[in-house]
Trainee: 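Handing you a structure now.
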Amino acid sequence: MKKKIVVFILTFCMMMFGSVALADQEKVVGLGANLNDSQMTEMLEKFGVSKDEARIIEVSNDEEREYLKGLISEDKIGTRAISSVYIETLGKGAGISVETYNINWVTKEMYANAMATAGIEDAKVMAAAPFKVSGTAALTGIMKAFETATGKKLSDEAKKAASEELVLTGELGEEVGKDEAAALIKDVKEKVVKDKVTDPGEITIIIKNAAKELNIKLDKDQINQIMEVMKKISQLDLNIDKISSQLDKISSSLDDVRRTVEENKGLIQKILDAIVSFFKKIGDLFS
């Protein structure tokens, strides 16, 4: 009898812990509404799940346009919903990790930055498409999939700010380099949120200082665009410690950008020193 009771308790505990584990790891796939059957199958295979292993939702072009219209050119939004996403919720403190497939304009660092702004946390994410796409619309799918997975409603203000941040970073990346743009926006955002800076003039100074540290040249329009987005982000209820911990997985790749900048600065200085030394020697010969 005692043995049966022990077995029952153990079985009950295993069922309870198993249900908790499943609850903690919700998997959601957001498929573009305009994918055909074979493309849907391809996306599920790329995500490594079957229809029985994840909740499947649909993301329409109208939903994508809700946050992107007016921010970016029509060709990047398109008229069909193709981008698809996979989200797996992780344990508290796990942070954000992102992978991409067939996304040629938005980088995983850009997605992660924007996701932190939107309020997404502790999630494994993949954005993909059956052929090359810009990837701007995938953020809408990521936000919708996260809400579905967690039952947590993200604020509209945060989602709009995140969408603007993603587009801004992508456009900036075309001018200064994708990695550099992602590092710049991350640095500026963290400073603005940490110090609760809302004044446009102070935000502008932060932008200029961050650009200088990363050896990025910005024109007046670019500075103003970044400032406008950061003004909106400064109004959100964001926590700097949470942002930093969520972006921990992508910080190492952005730190590589900073190291490269410092190394290049050192190389340029060596070249300048060599030139000065060369002309000094020539001057000494004729003196």
Side-chain angles (χ1 to χ4, degrees), residues 71-72 76 95-98 100 103-117 134-136 161-234 238 240 243-280:
L71 296 178
I72 199 166
K76 283 193 171 67
I96 294 170
S97 65
V98 184
T100 61
I103 305 295
N104 62 9
W105 197 67
V106 181
T107 67
K108 61 183 181 181
E109 290 82 11
M110 293 179 192
Y111 279 128
N113 269 335
M115 287 163 58
T117 299
S134 68
T136 51
S163 298
E164 287 191 47
E165 178 188 323
L166 184 72
V167 171
L168 169 69
T169 314
E171 290 178 340
L172 192 61
E174 292 182 331
E175 303 297 326
V176 305
K178 293 182 178 182
D179 292 338
E180 289 79 2
L184 175 66
I185 296 302
K186 178 177 180 290
D187 284 356
V188 173
K189 179 170 66 178
E190 288 186 344
K191 183 68 174 174
V192 166
V193 173
K194 180 181 179 182
D195 295 340
K196 302 186 185 329
V197 182
T198 58
D199 179 72
E202 292 181 25
I203 294 175
T204 298
I205 292 172
I206 291 172
I207 295 167
K208 290 180 178 178
N209 288 340
K212 184 177 180 180
E213 288 178 6
L214 290 167
N215 201 31
I216 295 173
K217 297 189 185 308
L218 300 174
D219 60 33
K220 188 175 180 180
D221 287 340
Q222 290 169 330
I223 292 172
N224 285 335
Q225 287 171 350
I226 298 172
M227 185 271 293
E228 289 296 334
V229 171
M230 289 301 156
K231 262 175 52 182
K232 294 177 182 177
I233 290 176
S234 72
L238 296 177
I240 183 58
I243 289 177
S244 298
S245 63
Q246 290 300 313
L247 298 179
D248 186 57
K249 285 185 171 61
I250 73 156
S251 292
S252 58
S253 59
L254 296 182
D255 285 341
D256 288 340
V257 175
R258 297 181 185 89
R259 278 194 292 272
T260 300
V261 168
E262 291 303 317
E263 288 170 1
N264 287 340
K265 282 182 181 177
L267 179 60
I268 291 171
Q269 189 59 53
K270 287 178 182 177
I271 293 172
L272 291 174
D273 289 343
I275 292 172
V276 171
S277 176
F278 173 74
F279 282 106
K280 186 175 183 301

Trainee: Can you measure from CD1 (Ile185) to CD1 (Ile226) and round to the nearest 0.5 angstrom?
Mentor: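 So the gap between those two atoms works out to 4.5 Å.
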Trainee: Does the side chain of Lys231 come under 3.5 Å of the side chain of Thr198 through a donor N or O and an acceptor N or O?
Mentor: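 There is no such pair (donor and acceptor under 3.5 Å, judged by atom type) between the side chains of Lys231 and Thr198.
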Trainee: So, are Asp195 and Lys191 salt-bridged, with charged N and O less than 4.0 Å apart?
Mentor: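 Counted as a salt bridge, because a side-chain N and a carboxylate O are separated by less than 4.0 Å.
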Trainee: Between Leu166 and Ala114, which heavy-atom pair has the shortest distance, and what is it?
Mentor: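 Residues Leu166 and Ala114, closest heavy atoms: CB-CB, 4.1 Å.
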Trainee: Give, for atom CG of Leu218 and atom CG of Leu184, the distance between the pair rounded to the nearest 0.5 Å.
Mentor: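 It is 6.0 Å, given to the nearest 0.5 Å.
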Trainee: To the nearest 0.5 Å, how far apart are OG in Ser234 and CE in Met227?
Mentor: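 CE of Met227 is found 10.5 Å from OG of Ser234.
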Trainee: So does Met110 get a backbone contact from the side chain of Thr107, meaning a donor-acceptor N/O pair under 3.5 Å?
Mentor: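 Pair found, side chain donor or acceptor close to backbone of Met110.
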Trainee: Using modelled atom types only, decide if a donor and an acceptor are shared between the side chain of Gln222 and the backbone of Asp219 within a distance under 3.5 Å.
Mentor: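 Looks like yes, one N/O pair under 3.5 Å.
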Trainee: Hey, does Ile96 have a side-chain heavy atom less than 4.5 Å from the side chain of Tyr111?
Mentor: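 Not touching, per the 4.5 Å side-chain cut-off.
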Trainee: Partners of Lys178 by side chain to side chain donor-acceptor pair (under 3.5 Å), sequence neighbours excluded?
Mentor: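 Residues passing side chain to side chain donor-acceptor pair (under 3.5 Å) with Lys178: none at all.
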Trainee: Suppose we screen for side chain to side chain donor-acceptor pair (under 3.5 Å). Which residues come up paired with Ser134, at least two apart in sequence or across chains?
Mentor: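 By the side chain to side chain donor-acceptor pair (under 3.5 Å) rule, Ser134 matches Thr136.
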Trainee: Salt bridge check, Glu228 against Lys232: does any charged N sit closer than 4.0 Å to a carboxylate O?
Mentor: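 No, this pair does not count.
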Trainee: Once side chain to side chain contact (heavy atoms under 4.5 Å, CB included) is applied, do any residues pair with Ile205, and if so which ones, sequence neighbours excluded?
Mentor: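 Checked Ile205 against side chain to side chain contact (heavy atoms under 4.5 Å, CB included); matches are Asn209.
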